[in-house]
Asker: 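Structure in structure tokens, see below.
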Amino acid sequence: MKLRTALLGAAACFALAPAAYAERGTDGQVNIIYWQAVSTLNPYLSSGTKDVETASLVIEPLAGFNEKGEVIPRLAAEVPTVENGGVSADLTSITWKLKPGLLWSDGTPVTSADVVFSANYCMDPAGGCAQLARYEGIKTVEALDDLTVKVTYNEPRPNPYTAFVGSTSPIIQAAQFANCSGAAASSCTDQNFAPIGTGPFRVTGFRTNDVVQMEANPNYRDPTKPAFATLTVKGGGEAAAAARAVMETGEFDYAWNTQISPEVQGQMTAGGKGQFIYAFGTLVERIEMNLTDPSASLPEGQRATSAHPHPILSDLRVRKALSMAIDRDVLVEIGYGNAGRATCNLVPAPAAYASDNTDCLVQDVEGAKALLTEAGWVPGPDGVRVKDGMRLKLLYQTSVNAVRQDFQAIIKQWWNEIGVEVELKAIDAGVYFGGDAGSPDTFQKFYSDVEMYANNFDGTDPEPYLAQYTCEKAPSPATQWQGENINRFCDPAYDALIVELGRTGEMGKRAEIAKRLNEMLTKDTYTVVPLVDRGRLSAHALSLGGVVLNTWDSELWNVSDWYRIK
Amino acid sequence: MTDVAAAATKRRAPRNQWWDVWDQFKTHKGALVGLAVFFSILALILIGPWFWTQDPGYVNLRSRNQGFSALHPFGTDQLGRDMLARIMAGGKVSISVGLTAMLLSITLGTTIGVLAGYFKRLENLLMRGTDLFLALPLLPLLLLMVTLFREPLSRTFGPETGIFILIVTAIGATSWMQSARIVRGSVLAVKEAEFVLAARSIGTPPRRMITRHILPNVMSPIMVSATLGIASAIITESALSFLGLGFPPDFPTWGRLLFDAVDAMQLYPARVILPGVMISLTVLSVNYIGDGLRDALDPRIRGR
């Protein structure tokens, strides 16, 4: 009998052993470096990827995307579809059911009131929500009971997975943010710096533009996760230093967006401490044309607003010539190697939505010159083209980054060849992408003629992304310089097509409209001049397990599954 | 009469005191070497571009990342730009920033130091002002100045001149405090000397007093802080360029060359070493010159 008990005990031990490995907080500390330092943990107040992704460790949406681009439930019990009755047959409403028993990290229950609050918080017209595109076309958001939320749209919504889906539209706690709606949003420092969430981690310390300390959330819904007890997201520095911190010194376990030259990548990999991971998504490095006049001679408040069209770039022929002068394959070779490919599309993926637009891939310097001459710009005595006494001179800004500075130098030379004088400017990435309405150097303010950066969209449906280019989303003083229509592009036909896309349910037709919209921005108007389709490139230590690079949602989407390889 | 004439010709011809300074300076070997190095660097960056006519900004994608060769003695960078031409162009900016910022800071520092040392009424005001400036954190202040004034200046004077004026002013306006303190100290000491008392007793006005008696006697600390000022101005400019806050990115300076090369430091060390060596050589040689000048200008050391 005793032997039998002992054997049973031993068997029980073995049975429990695997579970013991997957216990919360057993793997100690994990260090993540986001070299663009985190400024806020409220994604509704910042469009910066660094802020949104770091916040995704703490606050979660109802559903997210996996690495294949499929919608997966997070706080929702399941993904509502027409088949399971969650989406109404006329496609105008979607009903989300929360998982029962969910708790916030402070121990209070998550209810549908929080979900409703989150939507109202972002849709408050006084708040200047950075993620408004995800709540486009919503009529009502109502709580049917404690766990059920019904979102009703103004019109049939074939892709209802916008609001509350993906890391850019997370659920925030109503109790915590109650007094932070509208104009008070950005002054709620405590809330924005340490939101109470449902994610695998909770904030224990936040130093703005520096470091975020977190620990495992004791109320996380999966009692065995996360494997790490504490987590640090450090900001600052630049891409190469971040990559080096993972690949060579081993100070960090994960480095986000390690955009460095292909040669250096190869050399760092040889170090054997970490590895680079690539995946192609929708990230496109592009040149944005400013359609409004950024001239400093205009009074503040009118500068770079639609009140003053751009004196040079309002002409389509000039924009097209600038695009024609660029050899995108050379840029890929110099900047990205395997982790990039030349593109003419703003929406390069998923395949169904990618236009077969390849016109721009061949460089045509002579054609560009002819086009400028046709537009009335003739070479002056020093080679720079002039028209009506005005020199063809552009200010070209981007963030401080080795690859971008190389691109600037090369593109400047190509543009000089066609008779365009170019002044370059590089701005610290934290300022450039910081979204601070008081700084003149943010990419939203766009106080330059052309600027270069990369952007992408969450999820697999390009509708919200394309909807960013409607007239009313232009950043302006009235919106505290928030807004995604960086170029101030405004075309009623485009806006109408966006509305039509919102009404169309059939996939084939949707893809057709999306391609059309993409072409309207790229090859028809050259408002956006795409350069390189950039694979997402990050680095992780060889000792960090469970990392799956996801190009469709936050890169830290599965951080609860990360573990230490022992 | 002939005796007197003979005696007069035998006497040493009156000569400029700067010859004495030079004689003393020559005895300092380090200073001589420093002077030679500094002049060769100046020659390289001023006369060099006449002989080496490659455009430092010309991107040649067919000759990227090349090593040392006859066509490119210092190799090429990641975009095929000639490193020798870039070093020469960069040096021109770095050294002119250094010299101009030094002139500005030394003028400010000397003026304030002399005024504070000589006029008792001004001392408190000026020296507390100096303390105030010393207490300011310099880099954040520089960043603020760059953010606020870059645009208006580059609009008025063009991007290059505008940023040049901004950087020179920023460095000059934030580095004069040490020299002001040193000068004030020396002035206080000299002011009590007997020859100053003698001059005052015959009614020399303060303006003359300062220019004829005080300034020549505090020349040596001024010279030293001037040479040190060049070095620190070059380094500050490098730091600003390194942070991406200095000159526009297509405008080579030694600091920016360093910054651009850091990513590929392990693959192409020469690209870091060359501008680094140039900065170090300049700073070192200038410091040695300063050392020699201090000895040469001090009347108590000179001639011994």
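Throughout, a chain's letter reflects where its sequence line sits, starting with A, and its residues are numbered from 1. Remember, predicted model here, so these are calculated numbers, not experimental data.
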Asker: Would you mind listing every salt bridge (charged side-chain N to carboxylate O under 4.0 Å, His left out) that reaches into residues 66-79 of chain B, with sequence neighbours excluded?
Answerer: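 Found B:Asp77-B:Arg81, B:Asp77-B:Arg86.
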Asker: Count the heavy-atom pairs under 4.5 Å between each of A:Ala240, A:Ala239, A:Ala241, A:Ala296 and chain B, then report the option with the highest count.
Answerer: A:Ala296
Asker: For each of A:Gln267, A:Arg244, A:Gln405, tally heavy-atom pairs with chain B at distances under 4.5 Å, and name the one with the top tally.
Answerer: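 Answer, by heavy-atom pair count under 4.5 Å with chain B: A:Gln267.
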Asker: A:Glu263 versus chain B, heavy atoms under 4.5 Å apart: side chain, backbone, both or neither?
Answerer: both
Asker: Not counting sequence neighbours, which residues clear side chain to side chain contact (heavy atoms under 4.5 Å, CB included) with B:Met265? List them please.
Answerer: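 Residues passing side chain to side chain contact (heavy atoms under 4.5 Å, CB included) with B:Met265: B:Val272.
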Asker: Does any backbone or side-chain atom of A:Lys425 lie under 4.5 Å from a heavy atom of chain B? Answer side chain, backbone, both or neither.
Answerer: both
Asker: Quick one: which of A:Lys412, A:Glu238, A:Glu423, A:Gln413 has the most heavy-atom pairs under 4.5 Å with chain B, could you say?
Answerer: A:Gln413
Asker: Should we count CZ of A:Phe433 as having more than 12 external heavy atoms under 6.0 Å?
Answerer: yes
Asker: Got a sec: does the CZ of B:Phe68 have more than 12 other heavy atoms crowding it under 6.0 Å?
Answerer: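 Yes.
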Asker: What part of A:Glu248 lies closer than 4.5 angstrom to a heavy atom of chain B: side chain, backbone, both or neither?
Answerer: side chain
Asker: Where does A:Val264 contact chain B at under 4.5 Å (heavy atoms): side chain, backbone, both or neither?
Answerer: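 Its backbone and side chain both get close to chain B.
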Asker: Can you check whether anything in residues 45-64 of chain B gets within less than 4.5 Å of chain A, heavy-atom wise, and list it by number?
Answerer: B:Gly57, B:Tyr58, B:Val59, B:Leu61, B:Arg64
Asker: If you measure from CD1 on A:Ile334 to CG on B:Leu79, what distance do you get to the nearest 0.5 Å?
Answerer: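 Taking CD1 in A:Ile334 and CG in B:Leu79, the distance rounds to 5.5 Å.
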Asker: Taking side chain to side chain contact (heavy atoms under 4.5 Å, CB included) as the test, write out the residues that go with A:Lys234, two or more places apart.
Answerer: A:Asp210, A:Val211, A:Phe252
Asker: Just wondering, more than 12 heavy atoms not from A:Tyr278 lying within 6.0 Å of its OH?
Answerer: yes
